[in-house]
Structure formats: C-alpha cells, structure tokens
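Here is the structure we will look at.
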Amino acid sequence: MFSPPIQAPRNGPPQVSLHVLSLIITHCFAFVEAIDKLYALWISTSILPVWLCRRTGSPNCSRESCFVKRSSCIAICLFAISAPVTILVNCTTPPPPPAARSGPLCPPPSNVHIRENSQPNTILTQVTQDPQGQPLRYFLNGIGADRFQITPSGHVIVVGLIDRETSQNPFTLSIHMQNAEGQTCSTMMTVTILDENDQSPSFVGEDSFVVDCGLSNVRVGVVSARDGDDGENADLDYSILGASTDFGIDRKSGEIRTLRPLDGQVPVRELTVTVSDNGTPRRTSQAVVRVTVRPNCSPSISHQMAPNSPLPLKQLRQCQAQYTLRVRGDTAIGTELTTINQGFGGSGFSIVGGNEAGSFRLDPQTGQLTLTKPLLPGTTELAVTDQFAVQPCISRVLITVVDENNNTPTFEHPSYLFTTPCGSKGVIGRVSAVDPDQGLNGVLTLSITGTSAFTIDSRSGEVHTTFPLPAIPSAYQFTVTATDGGQPRRSASSVVTINVRPCLSMPDQISSPTTTMGTYAYSAPRCPEALVMEVEENRAGIVLGSVMGRDANPGGVLRYMLLPTADSRHFQVDTVANAGRLTVVTPLDRESEGTIIVDVRVLNNYGQFCETPVRINVLDVNDNPPVFPQNQYQFRIDCTGQPPFTIGTVEALDADLGVNGVVIYSAPTDQPFTVNPSTGSIVLPNYLAAVSSGRQILTTQIAASNPTPPRHNALVTIQVLLAPSCFIAPPQQPPPSARYQMGSLLAAPPAG
C-alpha cells in the first residue's frame, strides 16, 4: 500500500519533493474519513505539526503558518510514522528580491564664490553623498582644476593661493561621481574668485607740468594712477597732501588747477599728490608732482620783441579781456572763431605767441580770429596784442578742440554665435564694439533686447545667463545694441545666437550610453574631457593635435566633425583617418582673438556620439609696428632753473604682447637733445650756444622700434620751440693786441 521506503543518502536523511508528497497524499486519501475526528483533535493541539516544522529548522512555526489541507496533513503524519523520512516544511514567507541600487544623486550645476588669497584647504562646497550611504569616488576636471581638490568626503577645497589679477576667472569645473557598482553622474560647478583689496594704486604718466604765472583757475595737468583690483577696490580718489593755497585737484579725474594767480618769483613748486582706493583696508600711494611756473606771465613771448613795437613784450601787462573757446575738430578752414575787441583801443592786432603752426590768422584791423589749418585734438593758447593801443597789453586766447560725435559704433563681428552645454550658468561669451570718437562720444554702453535669459556687462560686453540653461529651447537669439555717450547719441546693433547642447549625464560626455540592436548592446564612443592646443598667429596648415576618441564596439569606425561656429571656419578635422587630427587652415590673428574654442564631435557606426571642447591659444608673434597716436608733437620750453630741462614725452603703442610689444625710442645723434629709450621722455641736457634771432624752432623725428626681429619702426615729427633763456652767449674774445699785451710775460707777439 505504501511505496518502498526511500533510501536516505549517505550524508543525511532523504529529501521528499512535492511530487513524491502528492503520491503519498493519494495513497492516504482512503483513510481520511476514518480518522477525521482524530485529525481535528490533532490539528487543534498543533503539537505534531509544530514539531515537524521545527525539525526542518524553520524559524517561524505556528498553527497558522503550518496550516495545510487535512488530507495532506494526515498523509504527512502517516508517512512520518511509517517511514524514517524527513519532510522539509518551509513555513516562512520568501524574502522579496533585492532592490536595484540607484546611482549617485547629482546636484544641479552650482556657482560658488571664494575670495582670492584664501588659505589652502579652504572649503568651497560639498557635493552629494550616496543615497545608500556607500562611499563614492570623485573626479575633478576642467581648465584650472589643478587649483582645486575634491576629498573622499565630497568637499571641494583650494590647494593653493589664487590671485584674481593673474588667474583665470571664473573657473568652470566638472565633477564626476562613481559608486561601487560603477554607476556615475556628473555636474558642473563655476568658481568665481572675488576680489580682495591686495593691490595698491600706482601712478602712471607725467609728473611734471608747466603753468603760466598770473592766471587763476587754469588747468595745470592731470595725474593718473591704476589699480589692478576690481570694483570699489579700484575706485580711486586723488588729493593733495597738506593745505595748498595755490593748487587744487579734482578728486576723481586727478586734474590739477591753479586756485589763484601765481607769480614767477618761485619758479618751481612741488606738490605731494595722494591716491587712495575705496577698498577695506584702504591702500594709498604718493607721488611728488613738479610744477614749473613760467616767469614774466607771458609763456610764449616772455623775451620776444613785438614787430614795430617800441616796448618789449615782457614789459606788457595782462589785459582784463581773456578768451576761452571750444572749437569742434571738423570746423571748416576760414571759419571766424571770435573777435578780439576788449581791452584794446588801436588797430594793430597781431598774434605774438602760440601760433607756431600757423593755424590761426588775426585781422590787424578788425581783430577777427580765423582758422587757417585743420585742428588736432588738444588745447592751444594764443597771446595777442594791439601794438598801436594807447596802453598795450597781452590778451590770452585759450582754444580747446572738442570732438564731434560723427562716428557710429561698430561691432567687431556683424553677428555672434556661441555654443554651450545645457545647465550652463555664468559667462557664455563676449561681444565687442568700438567707436573712434573721443571722450564721451567714444564711450559705449551695451544692452540686450529680446530675451530675459541673458544679461550683458554694459562695459566689457560679457554675456551672462540669468539661470542655468535647460535643454529646451535648444537655441536663443537676441540683439545687442551699442550706444555712445555723445549728442545726438549714435548706436549700432548685432544679432547674437546661442546654441544649447543636450544635457550630458555621463562623465565621458556620451550622447546615449548604449543602443540595443537585436541581442547586442552597442556602446557610445568616449571622448577626452577637454583639450588645450597652441598655435602661432599668422600660420596656416599647422597640425594642432588629435582628439582621439575611443570605440568599445568590435570592428567599429569613428568619424570626426567640427560643430559649426563662427570660429570653426579656421580649422579642419580629419573625418576618419588620423584619429581626429585638427589642423589650422586659415591664419589666425592674436590681436583680434587670442583664444578660440571649438567643439569636435566623434560618432560611431550607430549614430552615437560624444563631444570634446578644444581650447586653442593663439601665440603672439612680432607682426605689429609701434604706432604714435598723433602725426606731430609740438613742445615749448623755457629753460629756467638748472639743466637738464625736460621738453616733453612721446609715446608709441604696440599691439603685440611681451617682448614683442616693447617699444624703444631713439633720436638723431646730431640733435642737441636726448630721448629716454624706455619712456620716450625728451630732455635738453644743457644750454645751447646763443643765436641772433631770439626763439628758435628745432624740427626732427623720433623713432620707435621693437627689440625683437623682425624689427618694426615708426617715426614721428616733433617741433621744439626754444625760448631765448635756453641759449647762452659765447665768451667774448679780447682783440689780438690785447691778448698779446696780457701774455707779454709769456710770449712775444710775432714779428711784423
């Protein structure tokens, strides 16, 4: 009736499967009705079922968990009594399958700030932790990433002092996180270096000026200083140390003016000018300014004689009538500027000083002052008189040439195209415009219309996002307008397009991690994080380097392409061969654009791709000559005091960098003056031999050149008007007879 006993294996009791158990239940079914009451009593006490359950080693045994059909339980009991077989009873609920681990939870792109010169190990921020509390591996990449470090706990710290004035600012870093299962995520972080007031202002430009005596509230000159800091730390204020009753200085512009008429009894006066920034703590610098007061109160005519005048001009008094004119630079020749008619009583008007270039004519009968030559920017001072007046005097005419707002701003490019990944926040690019006008007419203000997603720095032209850019929309277009400060205002516009690349979730910037085709999953290519290459300007056909993507798919072939931008036209990438070799195809000009960023896309056979930004630094070569800002310089000098005498300074600018932009000045060796090769300061080392015609005009050329090959040169003409005080008479020689009489004790005169 029962099946033969199951032989137990050597290493333990027999194990009964569900199939064998069903056969046992079938054989025992005939006994169900006979022992029904016995079963009810047996199941109510739960002694045997619980005992059987515990023999299996199950931790959860109770009446409820061991409840089975009657027939099954009876068969189990009978079989357990009649055969030495162990029945495994699992009374526990099987555990749920383990949940799939989630990858690291990356925060959105962030923008953090740190002050320059912060101590090493200063914490900037802490990135995300693993949701399950497991340790993560962190990777920090990007240009300038060597200035920072990320700790095992996810803290981003500074590894050394960062100087804002000499470092990249801001830093754009990518942070990649990887857990123990190899799951990864990435985020971007922009680190902005905040300025500290660690730079003291320094004076630049001239510190020696000349002013006429006898005049009040006239411009002496302008001192200027620079400060490498930013914002309030670079906002400078000027002041004169101590109480000065003779001079005052404008707090912001540094312009020095006379407070009262000066006499010529003290020919040289020194002022200590202080410049201070508005940072905390305030930093200051001082410079001694030398002011030379022209004697006799007639700067251009102090020792001349007026034609047909019985009186030396140095004895003439100052007229009460003085003239101040503002003339536009495009004033037509022949225009009447003013009429000299105050303080004069005769009809012998003449210009007796300041008209060495012949730019003005004064009608001797009417006193009308007329323009005869085009004017250069600057200020000209004329001295005029009426020779036939009852009481002749000198009247001064101060003529300032002002610029007219006759030029429209011009953008460096008619349109701009920038490409940036989604999630970007901060500076996206820079637009640039120029205006050749002077003063406020040439000061440009930039503004944006047509978008609220971006702002623009009104001076520098840097375009900033107002929030992290999402993937949609994938492109923005708006208008940037440049407006000058003249009257009437002139403006120009340029269209800016910004393309947003798709958001990238993997640290190696792939378009899609895998693509499944049939039963095989194809992996996207892997690209370098970022590359930096260099090339000298003005060179074409130069190989910069290779992008070299990696393909994990068997037998795959990678293709390379340049994403179209305004600058990608200068380059070419090998499509398939040579691992994405990047070549310059058109010459680059560093002075126009010193850094170019292009994006190289790497694609596999299945349409998947990754992208690498390539930063190309354009290196400077000596391809620009020095340029003088004006075609001619005119100087006037009265040699008062002791030599040497400073005549003036010329300055040439070179657009090149470093030693290529150094300018060296030189003057002809047959001239009586010298020029400082570094500063361009022209000096008369000593008095000159006397001449018979009073003032003299020396005309020559100053050369500016580069020290590095190929040498470039520029010439500028200078005219120096020398006062009679710059000449000394040669010693008088006694007649021959007197010479021999004086030397009779030493030598006799020649015979005959």
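Just the heavy atoms: all of them, side chains too, but no hydrogens, waters or symmetry mates, feed the values below. What you see is a predicted model; the values in this text were computed from it and never measured. This chain uses plain numbering: 1 for the first residue, then up along the sequence.
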Open item on the list: Checking side chain to side chain donor-acceptor pair (under 3.5 Å) between T481 and each of S493, S494, S491, S447, which is the one that passes?
Closed with: S493

- [ ] Tell me, with the steps shown, if N706 and N660 meet side-chain hydrogen bond (donor to acceptor under 3.5 Å, both in side chains).
- [x] CA-CA 7 Å; N706 299 129; N660 296 331; over 6 Å; no

Test your reading of the model: is there a side-chain donor-acceptor pair from [X] to the backbone of [Y], 3.5 Å cut-off?
X    : Y    : value
R490 : N405 : yes
D235 : N278 : no
R283 : N197 : yes
D656 : N622 : no
D484 : L444 : no
Y665 : A652 : yes
R361 : T370 : no
R711 : T708 : no
S725 : C639 : yes
S276 : D237 : no

Heavy-atom closest pair, residues [X] and [Y]:
X    : Y    : answer
S200 : D227 : C-OD2, 4.1 Å
G358 : T372 : O-OG1, 2.7 Å
P625 : N713 : CB-O, 4.4 Å
D437 : D435 : N-OD1, 2.9 Å
L382 : G354 : CD2-O, 3.4 Å
D163 : E116 : OD1-OE1, 3.0 Å

Taking the basic N atoms (NZ, or NE/NH1/NH2) and the acidic carboxylate oxygens, is any pair closer than 4.0 Å for [X] and [Y]?
X    : Y    : value
D620 : R590 : yes
R164 : D198 : no
R257 : D246 : no

Are any of the side-chain heavy atoms of [X] and [Y] separated by less than 4.5 Å?
X    : Y    : value
M533 : R615 : no
V397 : L369 : yes
V683 : N676 : no
T674 : I682 : no
L684 : N686 : no
T292 : T640 : yes
P626 : H712 : yes
I249 : F247 : no

Would you compute the distance between atom [atom1] of [X] and atom [atom2] of [Y] and round it to the nearest 0.5 angstrom?
X    : Y    : atom1 : atom2 : answer
E165 : I193 : CD    : CD1   : 11.0 Å
L721 : I697 : CG    : CD1   : 5.0 Å
I399 : S359 : CD1   : OG    : 9.0 Å
I240 : Q286 : CD1   : CD    : 12.5 Å
C726 : L698 : SG    : CG    : 9.5 Å
Y323 : T339 : OH    : OG1   : 8.5 Å

- [ ] Return yes when atom CD of E412 has more than 12 non-hydrogen atoms of other residues, nucleotides or ligands closer than 6.0 Å, and no otherwise.
- [x] yes

Open item on the list: Would you say CZ of R539 has more than 12 non-hydrogen atoms from neighbouring residues, nucleotides or ligands within 6.0 angstrom?
Closed with: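 For R539, atom CZ is not crowded (no more than 12 foreign heavy atoms under 6.0 Å).
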
Task: Geometric class of the Y633/F628 ring pair [parallel <30°, tilted 30-60°, perpendicular >60°] - done: perpendicular

Open item on the list: Would you call the rings of F418 and Y416 parallel, tilted or perpendicular, taking 30° and 60° as the class edges?
Closed with: parallel

Open item on the list: Could you go through V431 and I456, starting from their C-alpha distance and side-chain angles, then the distance that decides it, and tell me whether this counts as side-chain contact (heavy atoms from CB on, under 4.5 Å)?
Closed with: CA-CA 9 Å; V431 299; I456 190 169; 3.6 Å; yes

- [ ] With side-chain contact (heavy atoms from CB on, under 4.5 Å) as the test, would you mind laying out the steps for V222 and I256 before giving the verdict?
- [x] CA-CA 6 Å; V222 177; I256 301 174; over 6 Å; no

Is there a donor in the side chain of [X] and an acceptor in the side chain of [Y], or the other way round, less than 3.5 Å apart?
X    : Y    : result
N233 : D195 : yes
D589 : N538 : no
T445 : R459 : yes
T586 : H570 : yes

TODO: Decide ring pair (Phe, Tyr, Trp, His ring centres under 6.0 Å) for F727 and Y687; before the verdict, give the C-alpha distance in whole Å, the side-chain angles of both, and the deciding distance to 0.1 Å.
DONE: CA-CA 5 Å; F727 301 89; Y687 292 101; 9.4 Å; no

Task: Audit row: E591, N624, side-chain hydrogen bond (donor to acceptor under 3.5 Å, both in side chains) steps and yes/no - done: CA-CA 9 Å; E591 288 73 31; N624 289 282; 3.2 Å; yes

Task: CA sep, side-chain torsions, deciding dist, call: V289, S208, side-chain contact (heavy atoms from CB on, under 4.5 Å) - done: CA-CA 6 Å; V289 177; S208 180; over 6 Å; no

Task: Worked check of ring pair (Phe, Tyr, Trp, His ring centres under 6.0 Å) between F645 and F673 - done: CA-CA 9 Å; F645 306 107; F673 50 79; over 10 Å; no

Open item on the list: For a side-chain contact (heavy atoms from CB on, under 4.5 Å) check, start with the C-alpha distance between Q701 and I718, then their side-chain angles and the critical distance, and finish with the verdict.
Closed with: CA-CA 6 Å; Q701 289 185 322; I718 67 167; over 6 Å; no

